[in-house]
Amino acid sequence: MAGQVELSQGLLDYVRSVSLRDDEILRDLVAETALMPALNAMVTMPEEGQLLAMLVGLTGAVRVLEIGTFTGYSALCMARALPPGGQIVTCDISERWTRVARRYWERAGVSDRIELRLGDGAATMAELLAERGPETFDLVFVDADKTGYARYYEQALTHLRPGGLVVIDNTLIFGRVADPAADDPDTEAVRALNASLYDDKRVDLSMLVMADGITLARKKTLSGEGAVA
């Protein structure tokens with residue numbers, strides 16, 4: 001059996017040339033975000049945005065919750081994949097970054113599918129739970145402050161319907177999770193989350209060695225496929 005392929009820049013370029021289907025709007029959004037030197041590492045990689053869109057389709061998601069909007073790339077990709085009547089609720093703390101997002105959502109013609117809420121992610125999730133009740137979302141994408149990941153994950157499971165999917169970004173956090181010398185709060189928080197996910201029998205689990213690490217956790221149903229043993 002072949003081992004893990006080491007991804008050189010040349011191989012990444014090849015993969016993108018035969019699989020990435022971005023467009024001018026998405027490329028322009030990436031380019032504008034790149035003008036924010038201290039922040040451009042936070043933008044969703046194009047192939048990850050394409051994966052998120054596919055996951056929306058594969059899960060039949062109609063209601064999506066996103067924690068961490070930034071300049072709106074991932075929300076735009078997922079909104080395009082929604083069926084008629086579908087909606088994304090996305091939340092962020094920055095009015096400045098999300099102003100950029102709104103412009104591109106308008107340009108892409110998906111702004112009517114996206115509800116933006118400004119404020120603390122955990123507080124927004126609590127508000128949504130009070131408004132809508134549990135198990136009302138089909139997919140939750142978490143890409144926000146890493147020290148809040150454990151709390152966001154637990155709240156996400158409450159929001160998800162059985163069979164719904166949590167997608168968590170940056171679960172390799174620049175490779176620091178495997179570096180014993182890395183003990184900063186973000187790395188420690190991601191390590192702790194990864195360990196807890198491994199032991200969490202409420203979900204089916206897969207970590208993708210893609211971008212900065214993407215973890216998929218599918219909420220098990222009480223009976224039938226994916227049932228809790």
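Given the structure is predicted, the values throughout are model-derived calculations rather than measurements.
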Heavy-atom side-chain contact between R218 and V166 under 4.5 Å: no
Considering all heavy atoms, the nearest S74-L52 contact: CB-CD1, 3.7 Å
Atom pair CD1/CD of I173 and E188 - distance to nearest 0.5 Å: 10.5 Å
Neighbour count above 12 (heavy atom, 6.0 Å) for L157 CG: yes
Short side-chain to backbone donor-acceptor contact, R191 and V177, under 3.5 Å: yes
Distance in Å, L139 CG paired with L165 CG, rounded so as to fall on 0.5 Å steps: 5.0 Å
Min side-chain heavy-atom separation E47-L12 under 4.5 Å: yes
L128/V89 under side-chain contact (heavy atoms from CB on, under 4.5 Å): CA gap, chis, key distance, verdict: CA-CA 9 Å; L128 285 167; V89 178; 3.9 Å; yes
Atom pair CG/OG1 of N170 and T215 - distance to nearest 0.5 Å: 10.0 Å
Step-by-step side-chain contact (heavy atoms from CB on, under 4.5 Å) determination, D28 to R107: CA-CA 11 Å; D28 286 352; R107 182 176 164 189; 2.8 Å; yes
Worked verdict on E154 versus K219 for salt bridge (charged side-chain N to carboxylate O under 4.0 Å, His left out): CA-CA 11 Å; E154 286 299 326; K219 184 177 178 179; over 6 Å; no
ILVMFWY network linking M210 to L216, side-chain heavy atoms under 4.5 angstrom: yes
Side-chain (D212) to main-chain (D169) donor-acceptor, under 3.5 angstrom: no
Cluster overlap I93 with L116, hydrophobic side-chain contacts below 4.5 Å: no
Sidechain-backbone polar pair: Q50 side chain, S19 backbone, donor-acceptor under 3.5 Å: yes
side-chain contact (heavy atoms from CB on, under 4.5 Å) assessment of I67 paired with L65: CA-CA 7 Å; I67 311 304; L65 174 58; 4.0 Å; yes
Any donor-acceptor N or O pair under 3.5 Å, side chains E32, Y104: yes
Shortest non-hydrogen separation from Y152 to A122 and the atoms involved: CE2-N, 3.5 Å
Any side-chain heavy-atom pair of W105 and T90 under 4.5 Å: yes
Test item: D92 side-chain N/O and G68 main-chain N/O as donor-acceptor pair under 3.5 Å: no
Worked verdict on I168 versus Y153 for side-chain contact (heavy atoms from CB on, under 4.5 Å): CA-CA 8 Å; I168 309 170; Y153 171 70; 4.0 Å; yes
M54, CE atom: more than 12 neighbouring heavy atoms under 6.0 Å: no
Which atom of L11 lies closest to which atom of E6, heavy atoms considered: CD2-O, 3.9 Å
Heavy-atom donor-acceptor pair, T187 side chain to D183 backbone, under 3.5 Å: no
Pairing of D23 and R80 as salt bridge, 4.0 angstrom limit: yes
Sub-4.5 Å side-chain heavy-atom contact between R63 and Q87: yes
Heavy-atom closest contact (K220 atom, D204 atom, distance): CE-OD1, 3.2 Å
Sub-4.5 Å side-chain heavy-atom contact between R132 and F137: yes
A75 to I114 - nearest heavy-atom pair and separation: O-CD1, 4.0 Å
Atom CD of E131: over 12 foreign heavy atoms under 6.0 Å: yes
D200 side chain reached by V203 side chain, heavy atoms, under 4.5 Å: yes
Check ion pair D22-R16 (N to O, under 4.0 angstrom): no
Any V167 side-chain heavy atom under 4.5 Å of I214 side chain: yes
Transitive ILVMFWY side-chain link V209 to V190, under 4.5 Å: yes
Donor-acceptor pair, side chain of E66 and main chain of C91, under 3.5 angstrom: no
T98-T69 side chain donor-acceptor pair, cut-off 3.5 Å: no
Minimal non-hydrogen separation, A156 against M125, with atom names: N-CE, 3.5 Å
Separation between CG of L197 and OG of S206, rounded to the nearest 0.5 Å: 11.5 Å
Same cluster (ILVMFWY, side-chain, under 4.5 Å), L20 and L29: no
Sequence-distant partners of V62, side chain to side chain contact (heavy atoms under 4.5 Å, CB included), two or more places apart: P83, D138
Residues E115, R102; criterion salt bridge (charged side-chain N to carboxylate O under 4.0 Å, His left out); working and verdict: CA-CA 10 Å; E115 177 186 345; R102 287 183 188 275; over 6 Å; no
Spacing of D186 atom CG and T147 atom OG1 [to the nearest 0.5 Å]: 6.0 Å
Co-membership, hydrophobic cluster, residues V142 and L129, 4.5 Å side-chain: no
Pair K146 + D143, salt bridge at N-O below 4.0 Å: yes
Rounded distance (nearest 0.5 Å) linking atom CZ of F70 with atom OG of S94: 8.5 Å
